[in-house]
Amino acid sequence: MSSGVKHGSLGALTLGALGVVFGDIGTSPIYALRESLHTAGTEVYDIYGVVSLIFWSLMLVVTLKYLVFVLRADNNGEGGILSLFALLPSKVRNATGGTKYFFVIFLLLGTALLVADGMLTPAISVLSATEGLKTLNPAFASWTVPLTVFILVTLFGFQYKGSNLLGKIFGPVILIWFATLGYLGFVKVQEHPEVIEALSPVYAAEYVAHHGFHTFIILSSVILAVTGAEALYADLGHFGKRPIRIGWIFIVAPALVLNYLGQAVIAIQEPGTDKSLFFALAPNDAVRIYLVVLATLATIIASQALITGVASLARQGVRLGLLPRLKIVHTSSTVIGQIYVPAVNLIIGLGSIFLVVNFKTSSALANAYSFAISATMLMTTIAFGYVAAEKFKWNKAVLAIVIPILIFIDLSFFLATVTKIFKGAWVPLLIGVAITYVMWVWRKGQAALENALRNQEMSWDEVEEIIKSGDVSIIPDTGIYLSSSALKVPQALIAQINNLHSCPKEILIVSVIQGDVPIVTAKPILKEVNDRVKQLYVWVGFKQDINIQKMIIDHVMTVAEESECTYYLADRKFLESSSGSLKGMTEKLFGILHRNSATASGYFGLPENRVITLSTQMDL
């Protein structure tokens, strides 16, 4: 989800990917097997069956689905669910009814659940790490929630400073983490080498066949082992396919598998004990303290990657017309994609802390976490299948085999986690539905706004006639306006003519055209509309920022000339009435979102001291 430029050696990119891409899935061993065995049982047969299910989940979901297939469905090198959304044909993306519309809402819910995942990941990851204190001394159990809240407050509180410095240690720390996971697991496996047999698919198949419907209950915990798999696809643009695949195959997967096998040995040697299998891998207190500290660092890194990812997701949502303008702060002048979105950071931060305080243990949070993951993965698969067939024109015979298999796997996990709706899974569902509703209202409101603007249109010929009539005075400067098309007179200019009875001598219209790709390299184009009006077309991708002032200086006029210009913007006030196309709660919420969106001057990089805002009223 981070927007970046792939540069550096393969080794450096692979190391970087370890911290950002694999941080989340890398911290799953802290709680995944423990939670699975809570519901599965502690007999050797149960342990082998669950470990086999975890191993084959990793192979099928991460290796087969994401590394082999989904990573190939990139949007000019970028991945993630919103990249898939941007790849949809415009007739689908802009649908207002029918099955296509349902599909769009479905994808919006998948996006919203990723935001819910952004709240849940810091909460469960950090809490599961601090719970390691209990293994040192049971009296420390009361410290876990306050310590987790303190870490989260610090983590979210320092987001405005950026994660560039922390980012430099992401890779090395996570590399140490995976080395530790693998080593501790390997040591235990040597004590009971027969445990390797659990990797056979026979154990998973027999377990499913023997337990029937109860397998769904177990799968709702097994899915915790593949948390963070979506990050492989979402961060594709930052690192590229090869570093992600190399990191998984040679470092991450072996370390995870060895660690799960090592935990299985603990479960076999000490059956029936309600203990943290992960921290029990430590042979003594000194190693356990090291493990608690390292686990806390690893979970902070995993959380940071998710926080940055959700910020990037929010920016993409704004660019794709799914969310109102948000204030975006760049925290690094050298690293692309290092952004801080205050509103999103506040919501995610408060949400994470609320979850920790209310659920209190990582076991209680696991139910909520697993639902958000399974729903998002299912939606990604369905969207991937559609885009692969319709956009990329992949071999439909191959897709007819592959997609049903992937959907079957994801649907199994999803149906499994649905069983946890009343045990905490309602939380991410509620968050997801609320965010989806906001995106739906914004889309619907924007469509109504465009219709209302069409009813207030004025032609350039009408403008010239008003000027010739002498009812409008000419201001001897250049006025710069934002408009989607030069064929339309900007609303700010219409308000200026009607209310101030004035018009600039020269007019420059800037049209920002949103591309369906992440990065657009096309240079702006300047065209002459008439003797008075020129238009600058500016193309941007959905992961790019816009600075109109810089564009004008670079492509239209000198710094001195631009400094003499005035920027005119329209501030729309909506009348709440029963006559418009928007009514009731939808109209009220759209008005609130519109009023509280970031100012156009800040969002588009305009000089605040030379911006004049003209108010207009309309009924939607």
Contacts of Asp117 that satisfy salt bridge (charged side-chain N to carboxylate O under 4.0 Å, His left out) - sequence neighbours left out: none
Ring geometry between Tyr233 and Tyr66 (parallel below 30°, tilted from 30 to 60°, perpendicular above 60°): tilted
Aromatic ring pairing Trp440/Tyr437, orientation class (parallel under 30°, perpendicular over 60°, tilted between): parallel
Is it the case that the side chains of [Y] and [X] hold a donor-acceptor pair, with the cut-off being a distance below 3.5 Å and no angle test?
X      : Y      : answer
Ser362 : Ser128 : no
Thr381 : Asp410 : yes
Ser125 : Ser303 : no
Glu608 : Ser601 : yes
Tyr31  : Ser276 : no

Do the side chains of [Y] and [X] get nearer than 4.5 Å, heavy atoms only?
X      : Y      : value
Leu294 : Thr180 : yes
Val344 : Val310 : yes
Leu58  : Thr63  : no

Residues Phe278, Ile266; criterion side chain to side chain contact (heavy atoms under 4.5 Å, CB included); working and verdict: CA-CA 9 Å; Phe278 174 76; Ile266 297 281; over 6 Å; no
Side chain to side chain contact (heavy atoms under 4.5 Å, CB included) partner of Ile251, chosen from Ile174, Leu175, Leu256: Leu175
About how many Å separate [atom2] of [Y] and [atom1] of [X], when rounded to the nearest 0.5 Å?
X      : Y      : atom1 : atom2 : result
Leu322 : Leu82  : CG    : CG    : 6.5 Å
Thr144 : Leu147 : OG1   : CG    : 8.0 Å
Leu152 : Ile348 : CG    : CD1   : 12.0 Å
Glu131 : Phe279 : CD    : CZ    : 8.5 Å

CA sep, side-chain torsions, deciding dist, call: Val512, Ile548, side chain to side chain contact (heavy atoms under 4.5 Å, CB included): CA-CA 9 Å; Val512 177; Ile548 286 176; 4.0 Å; yes
Is the backbone of [Y] close enough, under 3.5 Å, to the side chain of [X] for a donor and an acceptor to pair up by distance?
X      : Y      : result
Thr135 : Gly132 : yes
Gln544 : Gly541 : yes
Ser352 : Gly349 : no
Arg319 : Gln514 : no
Trp442 : Leu323 : yes
Asn596 : Ile592 : yes
Lys327 : Thr599 : no

Heavy-atom closest contact ([X] atom, [Y] atom, distance):
X      : Y      : result
Leu108 : Thr436 : O-OG1, 3.7 Å
Ala123 : Thr148 : O-CG2, 4.4 Å
Ser36  : Val50  : CB-CG1, 3.5 Å
Gly432 : Ala112 : O-CB, 3.2 Å
Gly321 : Arg443 : O-CG, 3.7 Å
Gly118 : Leu306 : CA-CD1, 4.1 Å

Salt bridge (charged side-chain N to carboxylate O under 4.0 Å, His left out): pairs with one or both residues in residues 20-31, sequence neighbours excluded: none
Arg595 with Asp571: basic N within carboxylate O range, under 4.0 Å: no
Residue that, paired with Lys420, satisfies side chain to side chain donor-acceptor pair (under 3.5 Å) out of Ser370, Ser220, Ser374: Ser220
Distance flag, aromatic centroids of Tyr183 and Trp177, threshold under 6.0 Å: no
Criterion side chain to side chain contact (heavy atoms under 4.5 Å, CB included) on Val226 and Met377, from CA distance to verdict: CA-CA 10 Å; Val226 294; Met377 291 199 306; 4.0 Å; yes
